[in-house]
2 protein chains.
Amino acid sequence: MSGAELAFRLFGAFRSLVDDLHDELARRGHPAVRPAHGFALQAIGARGATATELGVRLGVSKQAAGKTVDGLAALGYVERTADPTDARRKIVVVTPAGREVLRLSVEIFERLRAERERDVGVTRMREMEAALRGLDSAGAPRVDASAWLSS
Amino acid sequence: MSGAELAFRLFGAFRSLVDDLHDELARRGHPAVRPAHGFALQAIGARGATATELGVRLGVSKQAAGKTVDGLAALGYVERTADPTDARRKIVVVTPAGREVLRLSVEIFERLRAERERDVGVTRMREMEAALRGLDSAGAPRVDASAWLSS
DNA sequence: GTTGGTCGTCAACGTGGTTGTCCAATAACA
DNA sequence: TGTTATTGGACAACCACGTTGACGACCAAC
């Protein structure tokens, strides 16, 4: 396989997973969730986070993180709450609806992976995952894919 | 590996390849080339293409394809030429500079793949590529990554 | 109590998509 | 052949999502 084809197929495989995830999320009552939302929800986590923290975790500016929070809040998946110890900070917390999306995403991703594993074979899947771990030295999530495309 | 981690690592591996490619392209005299440009150049191909054809190949509107051509033309990588048989059509052709970028990209991608192969091992690499071929039923290129993110 | 750093937000901008509209040119057909 | 339908390219307005710069509010430290 050529290097270019390798890159292209890695992206294709990723995209197929994410597309299938969002198709299924839409079918299960969350049609407005987009890829960036899932990443952000995960980055906020159970303990909540401020917009600035979220920006660091996502690898984007605090302003961009703030806009993402706006979108998520408009959909009812997160809420901004006051920090009792610091009036400047606003803690973003995941709502029950947001937790439902996270729970569903995990479940659906597992199902999708199982489907792929059935298609390509258990051994081959294990080898691929091992290779991926080696390939991707994987630091921070960096979901600024849109900005990355135009960098 | 969880399904979510699989998706994430697929993207990470892809992104690492493309980032490294563009770092190297920049070092070799093409700092302004962005990922979308490479895809577009490849889609135009040796025989040239019209903006509308390019849009179909890239999975975007003809207007978006036209803008991409504008950018590529401003960088000197393509040129719009008249179609002698149809005065409406303008054939976009790759210039020598554009061909140089394509040639360099192929070469660099091969080197990057070889590096990865050295890291993960020949056998494991072969298994991963086989798995990727199975995973990604890969029809048309579909490089509308930016649009896809915001869909 | 002033001074400096941090948090969140607003504003302006860039990039790269989208749809809608329009004109010029070609193709199809009565 | 003349009229009508379709096609290719461009323009405009708009949207999504990132950026930087600036600013007010607040906290902390000397």
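All values below were derived from every heavy atom in this structure, side-chain atoms included, with hydrogens, water molecules and symmetry-related copies excluded. Each chain gets a letter, A, B and so on, in the order the sequences are listed, and its residues count up from 1.
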With distance as the sole test, does B:Arg113 use its side chain to make a donor-acceptor pair with the main-chain N or O of A:Ser2 at under 3.5 Å?
no
Considering only distance and modelled atom types, tabulate donor-acceptor pairs under 3.5 Å from the side chains of residues 35-45 of chain A, sequence neighbours left out.
unit_1	atom_1	unit_2	atom_2	d
A:His37	ND1	A:Arg34	N	3.1
A:His37	NE2	A:Arg34	NH2	3.4

Under 4.0 Å between any heavy atoms, over every strand shown, what does B:Ala64 touch: base, sugar-phosphate, or nothing? Just pick one.
base
When you compare the side chain of B:Leu6 with that of A:Met128, does any pair of heavy atoms fall below 4.5 Å?
yes
Counting only side-chain nitrogens and oxygens, does B:Thr85 get under 4.0 Å of the OP1 or OP2 atom of C:dT26?
no
So B:Leu10 and B:Leu132, do their side chains get closer than 4.5 Å, heavy atoms only?
yes
Nearest-Å distance, CG (B:Leu54) to C1' (D:dG8)?
13 Å
Here the distance between atom P of D:dA16 and atom CG of A:Leu75, to the nearest Å, is 12 Å
In whole angstroms, the gap separating C1' of C:dG16 from CG of B:Leu72 amounts to 14 Å
Protein-proximity profile, nucleotides 4-14 of chain C, B/S/- by nucleotide at the 4.0 Å heavy-atom cutoff, equals -BBBBBB-B--
Could you tell me whether the phosphate oxygens of C:dG16, OP1 or OP2, come under 4.0 Å of any side-chain nitrogen or oxygen in B:Ser61?
no
Candidates B:Arg15, B:Arg27, B:Arg116 - the one meeting salt bridge (Lys or Arg N to Asp or Glu O under 4.0 Å) with B:Asp20
B:Arg116
Under a 3.5 Å distance rule, please check whether B:Thr95 uses its side chain to pair with a backbone N or O of B:Gly76 as donor and acceptor.
yes
